[in-house]
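Reviewing the structure listed below.
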Amino acid sequence: MSATVSFPVPGPHGPKDVTVSYARVGRGEPLVLLHGIGHHRQAWDPVVDILATEREVIAVDLPGFGASPGLPGGLDYTLPDTNAVLGALFEVLELDRPHVAGNSLGGLLALELGREKLVRSVTALSPAGFWTEAERRYAFTTLLAMRAVARRMPLPLVERLSRTAAGRTALTSTIYARPARRAPEAVVAETLAIVEATGFDATLRAGRAVRFTDELAGLPVTVGWGTRDRILVRRQGVRAKRMIPHARLVRLPGCGHVPMNDDPALVARVVLDGSR
C-alpha cells in the first residue's frame, strides 16, 4: 500500500515539515528499503513480493526523489540531515530499529543509520562511500551523463525504446547487467525519475567529500556487490570489508549496479539472510 506522510524534522532554525512517500506491504519484522540517487522506490519492485513473505517491507522514496518532494529550506541533502529525516520517519511510522537495506546512495544511508544505532541490521548493495577520489569522480560523471541524456530524450522516444530489448539496453545498461529483463513501463518510469529528481544535484554536491569510516561494531552488516557493476566497481567491496571486518561480503554474480532486477531471487535471499 502506497502512502504519504508529513512530519517535523529539527533544523538549525527550528523544525521543518518534510513529506515522504512510501509503500508498505507484508508481515513480519520491519525492513526499510532505500534506493539510489536518481532512482525511486520502485527499484525494489522485483524483490518486494519475495521479501514481503517474511518481512513487513517499507520501500521509501527519499526526499527529492520519486514521489517525495524536495527538502524544505533549512535542511540539506547531507548525510546528517537525511539521517534525521529517516529517523523521524521511523518514529512517525512506529518502526522501532527496523532492519534496513539500501542500494548505492541508499546503501550508504543504511550504513549511516547503522552508525547512529537507528537500525537492527544493515544490508548494503554497492554502497557509496568506499571509493577513491578518481572512482568517485568517474561515478559522478557517469551519473551526470545519464541524467543529461535522459533530459534530452522526448518521452515518446523513451516509450518507443522501452518496447524492445535493444531499446531497454540502450536506456538502462549502465545500471543493469541484464537490462532486457526490466519491464518496459518500469524503464519509462525510472527514466522520468532521474529527469524529475529535484534532489539530484544537491545530493551529488553533498557527496563530494563523503567517505564511510566506521566499523559498525556490534551490528549485523552485509555488503553485496555485483560482479558487473559499471558505476561503483566491485573492488570497493573489498575496501568495505576492510573497513567493517565483521561484515559479510557477498558476491552477486552477473549483477550490475542495481542488482535487484538482475537476479531478484539472489538479492532477496541476501537481504533476508542479512536481516535475521
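All values below were derived from every heavy atom in this structure, side-chain atoms included, with hydrogens, water molecules and symmetry-related copies excluded.
Residues forming a ring pair (Phe, Tyr, Trp, His ring centres under 6.0 Å) with Tyr77 (at least two apart in sequence, or on another chain): none. The ring pair (Phe, Tyr, Trp, His ring centres under 6.0 Å) test applied to His35 returns Phe65, not counting sequence neighbours. Taking Val233 as the reference, Glu135, Arg235, Gln236 meet the side-chain contact (heavy atoms from CB on, under 4.5 Å) condition, with sequence neighbours excluded. Residues forming a side-chain contact (heavy atoms from CB on, under 4.5 Å) with Glu94 (at least two apart in sequence, or on another chain): none.
Atom CZ of Arg276 has more than 12 heavy atoms from other residues, nucleotides or ligands within 6.0 Å.
Put simply, the side chain of Pro253 reaches to within 4.5 Å of the side chain of Leu266, judged on heavy atoms. Side-chain contact between Leu111 and Ile244 is present, with at least one heavy-atom pair separated by less than 4.5 Å. A 4.5 Å side-chain heavy-atom check between Leu71 and Pro63 finds at least one atom pair inside the cut-off. Under the 4.5 Å side-chain criterion, counting only non-hydrogen atoms from C-beta, Leu155 is in contact with Val188. The shortest distance between side-chain heavy atoms of Thr132 and Arg239 falls below 4.5 Å. Contact check for Leu171 versus Val158: side-chain heavy atoms found under the 4.5 Å cut-off. Between Phe200 and Leu143, the closest side-chain pair of non-hydrogen atoms falls below 4.5 Å. Proximity of Leu204 to Ile37: side-chain heavy atoms (C-beta onward) are separated by under 4.5 Å at one or more points.
Distance alone, capped at 3.5 Å, is enough to place a donor-acceptor pair between the Arg168 side chain and the Ala180 backbone. Checking side-chain atoms of Trp131 against main-chain N and O of Val210 turns up a donor-acceptor pair under 3.5 Å. For Asp229 (side chain) and Arg234 (main-chain N/O), no donor-acceptor pair under 3.5 Å exists by modelled atom type. At least one donor-acceptor pair under 3.5 Å links the side chain of Arg147 to the backbone N or O of Ala197. With hydrogens and angles ignored, the 3.5 Å screen pairs a side-chain donor or acceptor of Asn103 with a backbone N or O of His257. Checked by atom type and distance alone, the side chain of Ser173 never pairs as donor or acceptor with a backbone atom of Ala170 at under 3.5 Å. A donor-acceptor pair under 3.5 Å is absent between the side-chain atoms of Arg55 and the main chain of Val271, judged by distance alone. Judged by distance alone, with hydrogens and angles left aside, the side-chain atoms of Arg230 form no donor-acceptor pair with the main-chain N or O of Gly256 at under 3.5 Å. A donor-acceptor distance shorter than 3.5 angstrom exists from the side chain of Ser68 to the backbone of Asp61, with no hydrogens or angles considered. Counting only distance, with no hydrogens or angles, the side chain of Trp225 and the backbone of Leu232 share a donor-acceptor pair below 3.5 Å.
Put simply, CG on Leu125 and OG1 on Thr222 are 9.0 Å apart, with the number rounded to the nearest 0.5 Å. Summarising the geometry, atom OG1 belonging to Thr141 is positioned 11.5 Å from atom CD1 belonging to Ile231; distances are rounded to the nearest 0.5 Å. Rounded to the nearest 0.5 angstrom, Leu113 CG and Leu79 CG are separated by 9.5 Å. Distance CD/Glu185 to CD/Glu190: 10.5 Å, rounded to 0.5 Å. Interatomic distance, CZ of Arg120 versus OG of Ser275, reported as 9.5 Å (0.5 Å rounding). One finds the CD1 atom of Ile194 at 9.0 Å from the CG atom of Leu144 (value rounded to the nearest 0.5 Å).
Taking every heavy atom of both residues into account, Ser126 and Gly226 meet most closely at OG-N, 4.1 Å. When all heavy atoms of Asp273 and Arg248 are compared, the pair lying nearest together is CB-NH2, 3.7 Å. Between Pro72 and Val18, the closest heavy-atom pair is CD-CG2, 3.9 Å. Counting all heavy atoms, side chain and backbone alike, Val187 lies closest to Arg182 at CG2-CG, 3.5 Å. Taking both residues in full, the closest heavy atoms of Leu108 and Pro127 are given as N-CB, 3.8 Å, listed atom of the first, atom of the second, then distance. When all heavy atoms of Ser121 and His99 are compared, the closest pair comes out as OG-ND1, 2.6 Å.
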Inset, instruction - Take Thr191 and Met153 through the side-chain contact (heavy atoms from CB on, under 4.5 Å) test and state the conclusion after the steps. - result: CA-CA 9 Å; Thr191 302; Met153 296 182 72; 5.6 Å; no
Inset, instruction - Using the side-chain contact (heavy atoms from CB on, under 4.5 Å) rule, take Ser6 and Asp17 through it: C-alpha gap first, then chi angles, then the decisive distance, then the call. - result: CA-CA 6 Å; Ser6 297; Asp17 285 337; 5.5 Å; no
Inset, instruction - Apply side-chain contact (heavy atoms from CB on, under 4.5 Å) to the pair Tyr22 and Leu93, showing each step before the final yes or no. - result: CA-CA 10 Å; Tyr22 66 97; Leu93 296 183; 3.4 Å; yes
Legend entry - Worked check of side-chain contact (heavy atoms from CB on, under 4.5 Å) between Asn261 and Thr172: CA-CA 11 Å; Asn261 180 74; Thr172 65; over 6 Å; no
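Side chains of Ser21 and Arg41: a donor on one and an acceptor on the other come within 3.5 Å.
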For residues 81-91, tabulate all N or O donor-acceptor pairs below 3.5 Å that involve a side-chain atom, not counting sequence neighbours.
residue, atom, partner, partner atom, Å
Asp81, OD2, Asp76, N, 2.7
Thr82, OG1, Thr78, O, 2.9

Indicate every side-chain donor-acceptor pair of residues 214-221 with a distance under 3.5 Å to a residue at least two apart or in another chain.
residue, atom, partner, partner atom, Å
Asp214, OD1, Leu216, N, 2.7

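No single ILVMFWY cluster, assembled from side-chain heavy atoms under 4.5 Å apart, contains both Val195 and Leu161. Cluster annotation: Phe7 is connected to Leu75 through the hydrophobic network of ILVMFWY side chains, with a link wherever side-chain heavy atoms come within less than 4.5 Å. Hydrophobic clustering, with ILVMFWY side chains joined whenever heavy atoms are under 4.5 angstrom apart, groups Met146 together with Val258. Hydrophobic cluster membership differs between Met243 and Val238, with clusters built from Ile, Leu, Val, Met, Phe, Trp and Tyr side chains linked at under 4.5 angstrom. Follow the hydrophobic side-chain contacts under 4.5 Å out from Val5 and you reach Leu31 in the same cluster.
With salt bridges taken as basic N to acidic carboxylate O contacts below 4.0 Å, none links Glu29 and Arg97.
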